[in-house]
Visitor: 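Before we start, here is the structure in question, set down as structure tokens.
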Amino acid sequence: MLSVNDLAINFGSTTVFDHLSFQVDQGDFLAVIGVNGVGKTTLIKTILGQLKPTAGTIETNPQLKIGYVPQFRNLDSEYPLTIADFVSLNFTGWKLPWLSKKERQRVQTVIKQLELTPIANRPLGRASGGEKQKAYLAQALVAEPNLLILDESTASLDPTTKQELLRVVKDLNQRLGLTIIFISHDMELVNEYPNKYLWLRSDGYSQGPIAELEMKLRGEADV
Ligand SMILES: Nc1ncnc2c1ncn2[C@@H]1O[C@H](COP(=O)(O)OP(=O)(O)OP(=O)(O)O)[C@@H](O)[C@H]1O
């Protein structure tokens, strides 16, 4: 689905990473971990096509359609759109000034998947942090991506809400085969939900099945 080959990114004379190679296969749930400033966001921006690699390539399946869920958007509490309207903003190729029946149905389906139906008509600005995060996820999903990138999307949530969000994501991953890239500092979630990891470090990186990660964290010398 996505193949990163010998990738390097420099900002001026600063190298964020180089010789980075990894692969994301259909149905993977990949955790991307690493300390602040190591280059996780830079990597995602490169995958999204916003940054040009200094060296190396990113090959993608022609059918690749990426959905991106950020950690946080600076939404005023007076933000007036309802959750349902906010979700529907992400339709591409919108030809009419109103939604087609099929699009309305898609919004309802996604809202139901995320258990947002009871609050679909609530202004997003009034929703809780966890509800907002679900709405961002729903907005990404409405366009039917086959790769979902969660960029520290659980960082500001309480432990129960984090688990709830990740359970929904895991369900989409297992039931629909949706491929996930999950950037996180939360090792409890990283150990529980993903099947693979990519650990970026200032002096290199490691990757593998998630079961290996705990062993590596215990004996960092082997990483
Ligand atoms: N446009 C830019 N110009 C110069 N340096 C940049 C630019 N963007 C990022 N950097 C630097 O590249 C490094 C990697 O930043 P990045 O945001 O990718 O890290 P991160 O792993 O996502 O960090 P965090 O966990 O704090 O979000 C940092 O040192 C950052 O200051």
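Every number for a ligand or one of its atoms is a count from 1 in the order of the listing. From a predicted model like this one, the values you see are computed outputs, not experimental measurements.
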Visitor: By side chain to side chain contact (heavy atoms under 4.5 Å, CB included), which residues pair with D85, not counting sequence neighbours?
Guide: L81, T82
Visitor: Output every pair passing side chain to side chain donor-acceptor pair (under 3.5 Å) with a member in residues 24-35, not counting sequence neighbours, ordered by first then second residue.
Guide: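 Matches after skipping sequence neighbours: Q23-D25, D28-N195, D28-K196.
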Visitor: Donor-acceptor pair, N90 side chain versus V142 backbone, under 3.5 Å?
Guide: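 Absent.
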Visitor: Quick one: does T46's side chain have a donor or acceptor within less than 3.5 Å of a partner on T42's backbone?
Guide: yes
Visitor: Heavy atoms under 4.0 Å from ligand 1: which residues qualify?
Guide: F11, V16, V35, N36, G37, V38, G39, K40, T41, T42, E152, H185
Visitor: Is the shortest distance from a Lys or Arg side-chain nitrogen in K162 or E188 to a carboxylate oxygen in the other one below 4.0 Å?
Guide: no
Visitor: Does D6 have any side chain to side chain contact (heavy atoms under 4.5 Å, CB included) partners at least two apart in sequence or in another chain, and if so, which?
Guide: H19, S21
